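Just so it is clear, the model here is predicted, and its values are computed rather than measured. Residue numbering restarts at 1 for every chain, and letters A, B, ... go by the order of the sequence lines.
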Amino acid sequence: MAEEEKPETGFVKEIRKQSQDFPGWYNDVVRKAQLADNSPVAGTMIIRPYGYALWENIRDPLDGLIKETGHENWYFPALIPLSFLQKEKDHVAGFEPEFQLVTKGGGKDLEEPLVLRPTSETMIATVLRDYIQSYRDLPVLTNQWNNIFRWELRTRFFLRTREFLWQEGHTFHETAAEAEEEVAKMLDCYRRIAEEWCAIPVLTGRKSETEKFAGAQYSTAIEGMMMDGKALQMGTSHYFGENFTRAYDLTYTGRTNERQYPHSTSWGMSTRMVGAVVMAHGDDSGLQLPPRIAPVQVVIIPIFRGDAERSQIETALQQVRADLEDIRVKVDWRDERPGFKFNEWELKGVPLRIEIGPRDLAKGEATVVRRLNRAKQTIPLGELGVAIPALLEEVQGALFRRAREFREGHTVRVDSLDALVRFFETSIGFAVTAWCGREDDERTVKKRTTATTRVILSSRRPEQPCAVCGRPATVEVAWGIAY
RNA sequence: CGGGGCGUAGCGUAGCCUGGCUAACGCGCAUGCUUUGGGAGCAUGAGAUCCCGGGUUCGAAUCCCGGCGCCCCGACCA
């Protein structure tokens with residue numbers, strides 16, 4: 001086997017080039033930036049403090065949105081009796097290949113195997129059967145933050161592991177309309193987290209029949225484009241109708257004293273978002289974090305020789321730190337050379353760096369450098385308290401715009417199967433077509449391009465015939481090569 | 001589950017074919033001195049059941065047999 005090339009040029013010598021080996025680059029960045037590492041158990045990973053802090057900065061605002069929209073956090077057990085999973089036939093068919101089973105307890109075979117939760121619809125429907133009696137009990141709006149187990153074959157840091165973290169919301173409603181509104185509302189929360197916090201523009205819409213969640217009537221998703229042009233599903237929101245409540249015999253007494261099945265939904269966003277941030281913004285120097293979610297927003301590198309200069313800087317930094325008290329600031333006093341620190345914090349994606357040395361102090365200034373483009377500027381020390389928050393906002397916006405331009409520059413409209421095939425042979429990105437919705441067409445396209453339908457674009461209506469088969473089109477769909 | 005590769009210090013590797021000194025090198029780690037505005041230099045030092053088990057041999061990291069583990073490529077998925 002040929003030896004792997006690890007180019008040694010440029011600012012970062014330790015990671016592979018994004019343009020030459022995207023998966024290798026991704027792996028190197030995740031490990032060198034100390035987001036995560038391999039664990040002793042195949043297919044699972046260690047989330048390190050820097051990676052976990054990044055996750056928390058995504059998780060916390062999402063938790064806020066979930067609570068603002070009226071949901072309450074619960075906790076349900078991770079062990080689910082196998083028989084629970086088996087009651088909804090599409091659901092079990094979809095998830096069974098990925099079950100991780102517990103078959104022994106206390107050294108003895110269990111009467112019934114327990115499944116480590118691959119998702120909790122079945123447990124929650126079973127439990128809530130006892131809590132939902134009357135239409136007066138509805139809606140029930142639950143959420144839980146937990147870990148999920150699925151026996152994935154091909155695993156990758158954050159994107160697909162055999163255990164991962166997420167939130168799963170499960171709600172129960174009196175009417176279909178209310179449940180469908182819930183599905184849309186939560187998808188929009190995901191869109192906001194992706195776009196406003198993670199600076200990743202997303203397409204939103206329904207999934208095709210083949211791509212929908214096992215057991216759903218329909219699924220919706222947010223779909224982003226990574227720097228290699230591949231599509232990443234970053235959050236899903238599903239409408240179940242009465243599928244699960246019927247399968248679990250979950251009923252309530254309605255306003256006219258009749259037994260009714262609630263309409264239910266579920267929706268989830270996972271630690272996969274961390275991988276999305278890496279792949280949407282990173283470059284050859286490493287991570288590039290949007291300020292709103294960066295664990296460290298500003299790193300200060302003191303530059304000095306000798307104790308006298310050091311204490312001068314310490315004194316100056318007291319005021320600077322006070323002026324930046326609402327900002328996540330890290331002062332790096334480690335006994336390393338400044339150049340080493342510059343490179344390391346760029347690798348870790350910190351949006352802004354402040355250098356303060358004797359030359360700056362003499363002029364009452366600081367040198368401020370953006371991770372985005374390494375642009376340097378000097379700012380009077382007294383103005384940092386105003387200038388830094390403004391710069392962080394500017395960088396947040398610039399990252400989003402750059403990602404949006406990238407996506408728009410890699411999205412084309414095509415109107416024939418040949419054009420679709422040619423696009424995926426010669427380009428990367430999304431191709432948008434009119435489509436009739438038949439699964440046959442998806443199989444045809446997948447066979448010829450490996451691309452699949454990502455989302456049915458809700459905002460546009462078809463005018464032309466289906467690009468794949470020429471039949472009358474019913475939707476506009478975005479095709480892409482998915483992670 | 002089918003095809004290919006690899007297990008030697010925390011990490012990356014050399015040594016193995018053709019058995020023989022105290023198992024070598026780089027990174028990292030520790031200590032000291034000199035350094036510090038884009039990945040520092042020197043010196044000293046610590047660190048290895050050579051994946052496991054068996055066999056061949058005077059002698060095994062090296063050869064033979066068996067096992068285990070991991071990685072990469074093809075069918076599922078937040």
Side-chain angles (χ1 to χ4, degrees), chain A residues 1-4 6 8-15 21 23-24 27-28 31-32 37-43 93-99 117-120 146-156 158-169 190 207 210-214 219 221-224 232-238 266-276 285-286 301-306 309-310 313 332-347 353-362 365-367 369 374 376 378 446 450 452 482-483:
Chain A
M1 189 180 259
E3 229 180 279
E4 274 174 342
K6 293 189 181 179
E8 302 273 321
T9 54
F11 283 96
V12 174
K13 298 179 245 177
E14 295 166 356
I15 59 180
D21 179 2
N27 236 293
D28 290 344
R31 281 183 311 170
K32 303 277 176 169
D37 217 333
N38 288 314
S39 91
V41 180
F95 281 102
E96 194 159 29
E98 301 192 56
F99 283 176
R117 63 177 158 227
T119 180
S120 300
N146 61 25
N147 52 346
I148 288 295
F149 298 85
R150 297 178 187 173
W151 198 256
E152 301 292 352
L153 298 180
R154 203 138 149 48
T155 59
R156 302 195 50 190
F158 294 109
L159 306 179
R160 193 175 303 104
T161 49
R162 286 175 178 177
E163 179 185 1
F164 62 90
L165 306 181
W166 77 351
Q167 68 48 229
E168 50 177 324
Y190 293 155
K207 304 297 277 188
T210 52
E211 295 283 329
K212 77 179 184 187
F213 180 84
S219 292
I222 61 170
E223 200 83 27
L232 185 70
Q233 179 172 301
M234 303 191 297
T236 49
S237 184
H238 314 289
S266 83
W267 25 277
M269 177 178 268
S270 74
T271 38
R272 173 179 270 190
M273 272 316 279
V274 174
S285 297
I301 311 291
I303 296 162
F304 58 93
R305 20 185 141 198
E309 283 185 1
R310 181 187 165 116
I313 291 169
D332 188 352
W333 284 110
R334 287 176 307 164
D335 186 20
E336 298 285 354
R337 296 162 75 90
F340 176 87
K341 296 177 183 176
F342 298 166
N343 284 286
E344 187 174 270
W345 289 110
E346 282 176 10
L347 170 61
R353 172 174 82 239
I354 300 179
E355 305 169 15
I356 298 187
R359 296 210 298 262
D360 302 295
L361 281 189
E365 298 175 341
T367 303
V369 186
R374 289 202 185 83
K376 276 195 191 192
T378 54
K446 185 166 190 182
T450 77
T452 51
Y483 264 97

Looking at every strand, decide which applies to A:Arg31 at a 4.0 Å heavy-atom threshold: base, sugar-phosphate, or nothing.
->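 Nothing, no heavy atom under 4.0 Å.
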Nearest-Å distance once atom [atom1] is located in both [N] and [M]:
N: B:rA46; M: B:rU31; atom1: C1'; value: 10 Å
N: B:rC50; M: B:rU62; atom1: C1'; value: 10 Å
N: B:rC27; M: B:rC68; atom1: P; value: 38 Å
N: B:rG5; M: B:rA9; atom1: C1'; value: 23 Å
N: B:rA48; M: B:rG12; atom1: C1'; value: 15 Å
N: B:rG15; M: B:rC63; atom1: C1'; value: 15 Å
N: B:rC64; M: B:rU56; atom1: P; value: 15 Å
N: B:rU22; M: B:rU13; atom1: P; value: 28 Å

Identify whether NZ of Lys or CZ of Arg in A:Arg353 sits under 6.0 Å from the centre of the six-membered ring of A:Phe342 and within 45° of that ring's axis.
-> yes
If every non-hydrogen atom of [X] is compared with every non-hydrogen atom of [Y], which pair is closest and at what distance?
X: A:Ser285; Y: A:Ile15; result: C-CD1, 3.9 Å
X: A:Pro338; Y: A:Ile303; result: CG-CG1, 4.0 Å
X: A:Gly43; Y: A:Thr155; result: CA-OG1, 3.6 Å
X: A:Gly94; Y: A:Ala214; result: CA-CB, 3.8 Å

Excluding sequence neighbours, so at least two apart, what forms ring-ring contact (aromatic ring centres under 6.0 Å, His included) with A:Trp333?
->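 Listed in chain order: A:Phe304.
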Which residues satisfy the ring-ring contact (aromatic ring centres under 6.0 Å, His included) test with A:Phe95, sequence neighbours excluded?
-> A:His91, A:Phe213
Where protein sits on nucleotides 29-35 of chain B, one letter per nucleotide: B base, S sugar-phosphate only, - none, heavy atoms under 4.0 Å | ------B
Any [X] side-chain heavy atom under 4.5 Å of [Y] side chain:
X: A:Ile148; Y: A:Arg117; value: yes
X: A:Arg305; Y: A:Pro358; value: no
X: A:Arg359; Y: A:Thr367; value: no
X: A:Arg150; Y: A:Thr119; value: yes

With [X], which residues qualify under side-chain hydrogen bond (donor to acceptor under 3.5 Å, both in side chains), at least two apart?
X: A:Asp332; answer: A:Arg334, A:Trp345
X: A:Ser120; answer: A:Gln144, A:Glu168
X: A:Glu98; answer: none
X: A:Ser270; answer: none

May I ask you to say whether A:Lys207 pairs ionically with A:Glu223, meaning some side-chain N is under 4.0 Å from a carboxylate O?
->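 Yes, charged N to carboxylate O under 4.0 Å.
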Pairs under 3.5 angstrom, nitrogen or oxygen only, protein versus nucleotides 73-78 of chain B, please.
from, atom 1, to, atom 2, distance (Å)
B:rC73, OP1, A:Arg154, NH2, 3.0
B:rC73, OP2, A:Arg154, NH1, 2.9
B:rC73, OP2, A:Arg154, NH2, 2.8
B:rC77, O2, A:Arg160, NE, 2.1
B:rC77, O2, A:Arg160, NH2, 3.1
B:rC77, N3, A:Arg160, NE, 3.1
B:rC77, N3, A:Arg160, NH2, 2.9
B:rA78, O3', A:Gln233, NE2, 2.7
B:rA78, N6, A:Thr161, N, 2.8
B:rA78, N6, A:Thr161, O, 3.3
B:rA78, N3, A:Ser270, OG, 3.0

Fill in the dot-bracket string of RNA chain B, one character per base: . for unpaired, | for a pair to another strand, ( ) or [ ] for pairs within the strand, taking Watson-Crick or G-U pairs under 3.5 Å.
-> (((((((..((((......[...)))).((((((.....)))))).....(((((..]....))))))))))))....
Would you mind reading off the distance between [X] atom [atom1] and [N] atom [atom2], rounded to a whole angstrom?
X: A:Asp21; N: B:rC71; atom1: CG; atom2: P; result: 17 Å
X: A:Asn343; N: B:rG37; atom1: CG; atom2: C1'; result: 13 Å
X: A:Glu355; N: B:rU36; atom1: CD; atom2: P; result: 16 Å
X: A:Lys341; N: B:rU36; atom1: NZ; atom2: C1'; result: 9 Å
X: A:Ile354; N: B:rG37; atom1: CD1; atom2: C1'; result: 15 Å
X: A:Ile15; N: B:rG12; atom1: CD1; atom2: P; result: 18 Å
X: A:Asp28; N: B:rG12; atom1: CG; atom2: C1'; result: 13 Å
X: A:Asp332; N: B:rG37; atom1: CG; atom2: P; result: 14 Å

What nitrogen or oxygen pairs link the protein and nucleotides 42-46 of chain B at under 3.5 Å?
none

Look at the side chain of A:Glu346 against the base of B:rG38 and say whether a donor-acceptor pair falls under 3.5 Å; ignore hydrogens and angles.
-> yes
Protein-nucleotides 67-70 of chain B N/O pairs closer than 3.5 Å?
none

Only counting residues at least two apart or in another chain, list the ones meeting salt bridge (Lys or Arg N to Asp or Glu O under 4.0 Å) with A:Arg31.
-> A:Asp28
Closest to side chain of A:Arg353, choosing from B:rG38, B:rU36, B:rG39 = B:rG38
Partner of A:Ser219 by side chain to side chain contact (heavy atoms under 4.5 Å, CB included), out of A:Gln233, A:Glu211, A:His238 =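 That would be A:His238; it is the only one of A:Gln233, A:Glu211, A:His238 passing the side chain to side chain contact (heavy atoms under 4.5 Å, CB included) with A:Ser219.
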